[in-house]
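For reference, the structure is listed below as structure tokens.
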Amino acid sequence: MDNNNFPNTDYDADEVINEFKEKIRWPKSEEVTAVVKPKNVPLKLLLSFIATVVIGAVAYYMMLPALNIHDTQMYTFIILLIAVFMGVFSLLCKANVKIEHREYVKKKSVIPAVIVGVILVVMAIGWVTGITLFRASSYSQLITISDGDFEADFEEISYDKVPRIDGPRAITLADQQLGSLSEYKSQYVVSNTSTQINYKNTPVRVAYLEYADFFKWINNTKDGLPAYMLIDLVSQKVSAVNCVEKFGEGIKYSPSELFNEKLYRHIRFQYPTYLLDTPNFEIADDMHPYWITPVLDKTIGLFGGTDVKGAIITDALNGESNYYDIEQIKSDKSLSWIDVVYSERLLIEQYNYYGKLKNGFWNSIIFQNDVNITSNGNGNIAMDDDVWVYTGVTSSESDASNFGFILCNQRTKETRYYQNAGAMEEAAIKSARDAVQNYGYNATFPILLGIDGNPTYFMSLYGDSNTVKGYAFVSLEDKTVVGTGLLDVAKSDAKALNSAVESYIDALEAKGVANGVDKNDVIVDENQISSSDTADKPETESVKISGEVTDIKSSVNDGNTVYYFQINGKYYYVKVTTSMEALLVKKGDTIEFTINKADEKLENFIPAQNLEIK
């Protein structure tokens, strides 16, 4: 056999492997004897610039930083551009495979590295010059506090005119109403975000719709969102306001849109240098939908002392925007319909700066003389045709009681302090829950009212279904003084409300603090309570309507069944509790009923009464 036909096996495997490693080993910097300039450097710089522009455009489209020295995102964006440029240039020079080119790129990276270093130093200086340690006095002066007169300010606020449901409960009702409207329910959902405003002197919440999913967006984005939800916080009635029918087009710009119609991106392209806060959805007196976007300013250092300097009003239908200075918003009567410019978060933050830092930074930490902060949670009330944020004021050590409370105007930032000491809101909520513990109901965040001069917490009670089940009143000064009224017992919302205030007055008298309150001066006409609505106040003149029913829908609101009958293209709704005849109506029947003359101008969902089948 010829041994030459067999491969040579006389070798050391480790030696071969080490030899291979030596061939592919990346040399160390000190082993490089020359720095080689890559070929076509100008072309590589041009290509790096083009790549940076493309990647930067995509990054800007997603990040949307303000081109403003007070926006930290702008600095991040600039650093990102520098990193992209140098990264692309390094790859084009093949610095990842040729160490002599890598050394060249490293030398050319000195200037970009210095620029990044300068940016970081500027950010650090800007942050340091704006921290509370050095600028406590400036932070404490962001908000001006005046003393309020409880009896005078709250004299006009009656318990039958305050919000009976909060944001989460309002959204629940809106979801229920939307689910009863077949033209909307499969394509849209109600946004979890709503805005409390005053509409025709009635506290309401408005919530925009969102597309149910990506495919629903594809199917409907051309026409926009067709409607928004209007929730009356007093009567708890919900309406879907059809923008297509009322204004001829849908809502084209909203947070639920994508690409250029996405609200924040649309506003950023119009105002690239402004610091934008979260837009609020509001409606004007004619029910036209708008987005109100507060424009922020940093008044302390580069990044501290956040305040509002104006607002951008954007037409939700066509996207037209206008900027107004904050002083104009406060004084211009044509803009008085705007209710929310200062967010609840910002107002509470500014008060906490005032409460903690008015006597200096070190006092807020060591001595804590006269240091106070807002209590946990806040609510809203309507007063002077504006929306005010309410929250209690307590010590920084979280005492079990409040010294007083504040009201902050969300349009003007006017802030009033009321020195009415008493139970914290959480304690009042617990007292209300304990009073109905057999039912297992919870309570909304309290609203402070004056019941015949007695500072009183008012709360709605709700169950697992998230709908209102009753009401509770708890004394601010003595949380054991509680009055409740339940819908299951009283059989109507109005009676439950009056029952709660009656039992509260009885509890005050039992404690000897009622001061001779006459219930007749406090109890409100139940018909007056039930008639509250966001539409124009009804006139005495009524109009008869008759016609053939072409469509019938129904919904359940607060346990009340409501029927909607379409006649001549409009829907008229009737509660079963006011007209049992509604149960017998069939499609094709001719019916007759009356509506208030003032409601004739409503486009849809018109309240009706005195229904008869012809």
Side-chain angles (χ1 to χ4, degrees), residues 159-177 179 205 231-238 376-380 400 422-449 451 454 456-511 519 522-524 526 529-530 532 555-562 575-577:
Y159 67 87
D160 64 310
K161 300 297 182 185
V162 299
R164 300 180 204 172
I165 52 176
D166 55 11
R169 259 50 64 185
I171 295 300
T172 297
L173 291 181
D175 277 331
Q176 293 173 352
Q177 179 69 5
R205 279 190 175 269
I231 308 103
D232 188 320
L233 302 182
V234 178
S235 68
Q236 302 168 54
K237 294 179 181 178
V238 182
N376 294 327
N378 57 270
N380 302 91
M424 294 185 73
E425 296 87 348
E426 292 178 353
I429 291 173
K430 188 175 185 302
S431 292
R433 288 202 307 256
D434 288 346
V436 291
Q437 58 183 319
N438 292 340
Y439 297 87
Y441 295 156
N442 209 334
T444 59
F445 189 84
I447 295 173
L448 197 59
L449 301 175
I451 302 296
N454 295 281
T456 302
Y457 287 122
F458 169 75
M459 289 158 279
S460 294
L461 304 172
Y462 62 93
D464 294 336
S465 62
N466 228 19
T467 55
V468 174
K469 298 296 185 181
Y471 304 99
F473 293 89
V474 178
S475 172
L476 171 71
E477 298 175 355
D478 185 350
K479 65 181 180 181
T480 65
V481 178
V482 182
T484 62
L486 303 179
L487 271 68
D488 290 343
V489 177
K491 302 303 181 184
S492 80
D493 185 85
K495 290 180 179 179
L497 193 59
N498 271 340
S499 176
V501 76
E502 283 189 79
S503 64
Y504 175 67
I505 292 173
D506 289 339
L508 286 173
E509 291 176 345
K511 285 283 186 175
K519 291 183 182 179
V522 180
I523 301 301
V524 180
E526 291 173 3
I529 297 177
S530 301
S532 175
S555 66
V556 178
N557 297 336
D558 285 339
N560 297 316
T561 301
V562 181
K575 285 185 177 181
V576 172
T577 53

On a heavy-atom basis, the closest approach of Met459 and Phe445 is CG-C, 4.4 Å
Does any donor atom in the side chain of Asp478 or Thr480 lie under 3.5 Å from an acceptor atom in the other side chain?
yes
Give the minimum heavy-atom separation between Leu173 and Gln236, together with the two atoms involved.
CD1-O, 3.7 Å
Decide yes or no for Tyr457 and Glu425: does some side-chain heavy atom of the first lie under 4.5 Å from some side-chain heavy atom of the second?
yes
Heavy-atom closest contact (Val468 atom, Leu487 atom, distance)
O-CD2, 3.9 Å
Centre of Tyr462's six-membered ring, under 6.0 Å away, within 45 degrees of the axis: is that where NZ or CZ of Arg169 sits?
yes
Considering all heavy atoms of both residues, which atom of Val482 and which atom of Ala435 are nearest to each other, and what is their separation?
CG1-CB, 3.9 Å
Flag the pair Val474 / Pro446 as yes when at least one side-chain heavy-atom distance between them is below 4.5 Å, and no otherwise.
no
Closest contact, heavy atoms only, Val234 versus Lys161:
CG2-O, 3.6 Å
With side chains defined as the heavy atoms from C-beta onward, is the minimum distance between Arg205 and Asn380 less than 4.5 Å?
yes
For Ala500, the side-chain contact (heavy atoms from CB on, under 4.5 Å) test, sequence neighbours excluded, returns Tyr471, Phe473
Please round to the nearest 0.5 Å and tell me the distance separating atom CG of Leu448 and atom CZ of Phe458.
12.5 Å
Compare all side-chain heavy atoms of Thr172 with those of Asp175 and state whether any distance is below 4.5 angstrom.
no
Indicate yes or no: at least one non-hydrogen side-chain atom of Thr456 is less than 4.5 angstrom from one of Ser475.
no
Indicate yes or no: at least one non-hydrogen side-chain atom of Thr444 is less than 4.5 angstrom from one of Ile165.
no
Decide yes or no on salt bridge (charged side-chain N to carboxylate O under 4.0 Å, His left out) for Arg164 and Asp493, but give the supporting numbers first.
CA-CA 10 Å; Arg164 300 180 204 172; Asp493 185 85; 2.4 Å; yes
Taking all non-hydrogen atoms of both residues into account, name the closest pair between Lys479 and Ser431 and its distance.
O-OG, 3.1 Å
Is the closest side-chain heavy-atom distance between Leu486 and Val436 below 4.5 Å?
yes
Rounded to the nearest 0.5 Å, what separates atom CG in Asn442 from atom NZ in Lys469?
13.5 Å
Side-chain touch Asn454/Leu508, heavy atoms, less than 4.5 angstrom:
yes
Working to the nearest 0.5 angstrom, can you tell me the gap between Thr484 OG1 and Tyr441 OH?
10.5 Å
So NZ of Lys430 and CE of Met424: to nearest 0.5 Å the spacing works out to 14.5 Å
